[in-house]
Amino acid sequence: MNGLHAPFKTFPRTSLRAPAALSFMAPSLPSANLAGVALACTTAVGIAVCAMLGVASLSMWLLSLALTIFVARLARSTLTPFRDASVLGVLSFDVLSTIGLYFIATYQSMYGLSFGPYADDSLYFNQILGNIAPTFQSRLYDAVLSGFYALISPFVGAPDVTHLLPVNWAFGAIAVLLSRILSDDVSGVRLPMRLLFAAVIGNCYFSDTVTHLYRDGLMLVFFLGALIASTRRHYFRAAILACLCGMVRPADGALALFYAILCTASIAAPGARRRRHAAICVSLVLLGSLFWADQQWNIARRMRTVTEVDPWVKDTITETARDRFQTMVVDPPEAGPSAGPSVTGMLAKSRLAMLALPVVTVFSPFRLGGVSETQAVIVDAGGTTMRFPVRGIQPEMVLHWLTVLLWLVVAPFIVLSVLKGFRGGAKQRAIVVFFLVTVASITFVSFQARHRTAFIVLFPTLMALVYRRADLRRTRVALAQVFLCGIALVNVILLVM
């Protein structure tokens with residue numbers, strides 16, 4: 001039987017043996033050994049934080065670690081049946097902290113600041129500083145970060161971005177944990193931790209986003225919380241979390257509400273195919289109506305801020321998408337003579353070729369970059385933009401190379417899950433539909449690379465749908481070989497052009 005009314009079914013424990021296509025990956029360790037590894041890693045990373053960033057940043061790092069452990073233990077005891085939630089949360093926090101320290105060290109060696117080169121994190125930092133005083137908070141993300149900073153502000157001197165970055169690292173670790181919970185709830189299969197790390201933290205867009213001072217980490221916590229609540233038919237809780245997600249980023253809040261409506265199809269009695277199809281159609285209509293309402297009444301801007309909205313300033317989702325498509329896809333800014341051609345820019349020149357954009361969005365990056373010339377853009381406290389010329393291998397390029405390598409492991413699972421997911425139960429079909437809608441929304445509405453985290457955190461759920469399918473093992477190996485040839489071919493073509 002399919003659907004949430006099906007009889008309760010127990011699932012056997014996941015074998016510690018990896019599939020043949022993944023045999024090169026390290027085997028799983030027992031829980032006791034993992035706990036020891038987590039303790040050793042936490043101690044080493046804590047020492048590195050204190051040595052590199054100082055005692056003030058270490059205090060915020062310890063507070064963020066405590067937040068991660070609290071959420072992980074809560075998840076282990078009430079939200080998910082697996083026992084190593086706290087170890088998973090701590091290890092995720094350690095890995096993201098290490099990546100964050102790597103970025104900070106690289107930026108300081110390049111231009112003497114701890115901000116990333118793309119202006120957003122320095123802009124958010126200055127917005128947060130403006131909210132530290134007891135004034136009316138205008139944005140949810142600023143308010144949350146200001147609250148964390150208020151805990152240590154009496155003990156530190158001049159504020160620094162390194163005091164706040166550990167909070168985002170904690171949000172990222174919690175997002176990894178929640179992605180595991182969603183995977184367990186939808187598939188009933190416990191995905192090995194090594195595959196979870198490869199799919200989420202191993203993706204350069206996720207690890208780059210949550211280790212900088214961007215709002216995506218907090219958005220993912222609310223976003224995944226809403227999806228988990230919808231999967232468990234706690235729709236009132238899902239609506240609250242979706243609204244909180246919308247206060248951080250309206251489009252993702254709308255997607256979370258769409259999934260809640262879509263999950264109502266899962267409660268249909270087995271065989272009620274018309275009701276399930278009707279629920280999917282109604283969900284799509286309601287999602288489109290949200291975009292229409294935003295166009296009429298500027299709802300997105302009103303959700304992002306609780307202060308008065310200037311009626312003459314209208315930055316709706318559709319208008320923002322139109323501007324971003326022109327400036328980021330059709331006419332992207334030149335990164336330098338060695339940057340090479342833009343794949344999305346080439347596809348955007350043809351309406352027929354644009355149909356391939358969702359595939360490029362999911363399996364990006366696909367090319368191996370090298371030395372490039374660019375500019376680091378930093379916004380100071382007065383709102384002045386500073387530019388620093390940077391030439392060399394960009395720090396995020398190392399993560400790009402890792403992601404391209406991990407596509408050989410992750411991509412075959414994703415392809416097969418989309419193809420086979422519609423034959424599964426109601427919850428499996430719902431998550432596949434939601435994944436495709438999310439990819440389409442980010443491809444044709446958002447256009448920003450860090451917004452892809454909304455579907456990256458769904459990778460573990462998709463992988464779990466086909467992880468235990470022994471009959472698909474040879475197909476996974478064949479798809480891995482296809483991706484290997486495709487990576488080589490694309491990079492050769494782009495190198496020649």
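What you see is a predicted model, and the numbers here were worked out from it, not measured in a lab.
With sequence neighbours excluded, the residues that form a side chain to side chain contact (heavy atoms under 4.5 Å, CB included) with Leu484 are Leu408. Under the side chain to side chain donor-acceptor pair (under 3.5 Å) criterion, Ser59 pairs with no residue at all, not counting sequence neighbours. Qualifying salt bridge (Lys or Arg N to Asp or Glu O under 4.0 Å) partners for Asp208, counting only residues two or more places apart in sequence or in other chains: none. Residues passing the side chain to side chain contact (heavy atoms under 4.5 Å, CB included) test with Val439, sequence neighbours excluded: Pro358, Val362, Phe435, Thr443, Phe455. Residues forming a side chain to side chain contact (heavy atoms under 4.5 Å, CB included) with Leu123 (at least two apart in sequence, or on another chain): Gln127, Val379. Every residue two or more places apart in sequence or in another chain was checked for a side chain to side chain contact (heavy atoms under 4.5 Å, CB included) with Phe70, and none qualifies.
Inter-residue side-chain proximity for Leu177 and Ser92 is flagged as unmet; no heavy-atom pair is nearer than 4.5 Å. No side-chain heavy atom of Leu145 sits less than 4.5 Å from a side-chain heavy atom of Tyr124. Side chains of Ile431 and Tyr259 form a contact here, defined as non-hydrogen atoms less than 4.5 Å apart. A 4.5 Å side-chain heavy-atom check between Ile69 and Val90 finds at least one atom pair inside the cut-off. In this structure, Arg249 and Asp216 have side chains that are in contact, with non-hydrogen atoms separated by less than 4.5 Å. Between Val95 and Val176 the shortest side-chain heavy-atom distance does not fall below 4.5 Å. Using a 4.5 Å heavy-atom threshold, the side chains of Leu53 and Leu101 count as touching.
Taking CZ of Arg452 as the start and SG of Cys204 as the end, the distance is 8.5 Å to the nearest 0.5 Å. Between the CH2 atom in Trp401 and the CG atom in Leu399 there is a gap of 10.5 Å [rounded to 0.5 Å]. Atom CZ of Phe222 and atom CG of Leu227 lie 13.5 Å apart (nearest 0.5 Å). Rounded to the nearest 0.5 Å, atoms CG (Leu88) and CD1 (Ile174) are 11.5 Å apart. In this structure, the separation between CG on Leu91 and CG on Leu39 is 10.5 Å, given to the nearest 0.5 Å. From Ile47, atom CD1 reaches atom SG of Cys50 across 8.5 Å, with rounding to the nearest 0.5 Å.
Of all heavy-atom pairs between Phe459 and Ala199, the closest is CD1-O, 3.7 Å. Residue Arg194 comes nearest to Tyr467 through the heavy atom pair NH2-OH, 4.2 Å, listed as atom of the first residue, atom of the second, then distance. Smallest separation of non-hydrogen atoms from Leu165 and Leu213: CD2-N, 3.6 Å. Considering all non-hydrogen atoms of both residues, Ala226 and Leu241 come closest at N-CD1, 3.6 Å. Contact detail for Cys41 and Asp94: the closest heavy-atom pair is CB-OD2, 3.5 Å. Considering every non-hydrogen atom in both Ala238 and Ser230, the closest pair reads CB-OG, 3.2 Å.
Of the possible polar contacts, one joining the Asn491 side chain to the Ile487 backbone as a donor-acceptor pair under 3.5 Å is found. Here the side chain of Ser183 pairs no donor or acceptor atom with the backbone of Ser179 at under 3.5 angstrom. Not one N or O on the side chain of Arg450 forms a donor-acceptor pair closer than 3.5 Å with the backbone of Thr209.
Checked by atom type, the side-chain pair Thr162/Ser114 shows no donor-acceptor distance below 3.5 Å. For the 3.5 Å distance criterion, the side chains of Thr403 and Tyr205 fail to qualify, holding no donor opposite an acceptor. A donor atom on one side chain and an acceptor atom on the other are not found under 3.5 Å apart for Trp169 and Ser64.
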Step by step, work out the side chain to side chain contact (heavy atoms under 4.5 Å, CB included) result for Leu182 and Leu458.
CA-CA 8 Å; Leu182 180 64; Leu458 302 179; 3.8 Å; yes
Begin with the C-alpha distance, continue with both residues' side-chain angles, and end with the deciding distance and a verdict on side chain to side chain contact (heavy atoms under 4.5 Å, CB included) for Met219 and Phe171.
CA-CA 9 Å; Met219 181 278 296; Phe171 290 153; over 6 Å; no
How far apart are the C-alpha atoms of Ser57 and Asp160, what are their side-chain angles, what is the distance that settles it, and do they pass the side chain to side chain contact (heavy atoms under 4.5 Å, CB included) test?
CA-CA 9 Å; Ser57 297; Asp160 190 81; 5.5 Å; no
Test Thr211 against Tyr102 for side chain to side chain contact (heavy atoms under 4.5 Å, CB included), laying out the working first.
CA-CA 10 Å; Thr211 52; Tyr102 160 71; over 6 Å; no
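Residues Phe366 and Trp407 keep their aromatic ring centres 6.0 Å or farther apart.
The only option from Asn168, Val167, Val248, Val210 that meets the side-chain contact (heavy atoms from CB on, under 4.5 Å) definition with Leu218 turns out to be Val248. The ring-ring contact (aromatic ring centres under 6.0 Å, His included) test with Phe115 is passed by exactly one of Phe125, Tyr107, Tyr214: Phe125.
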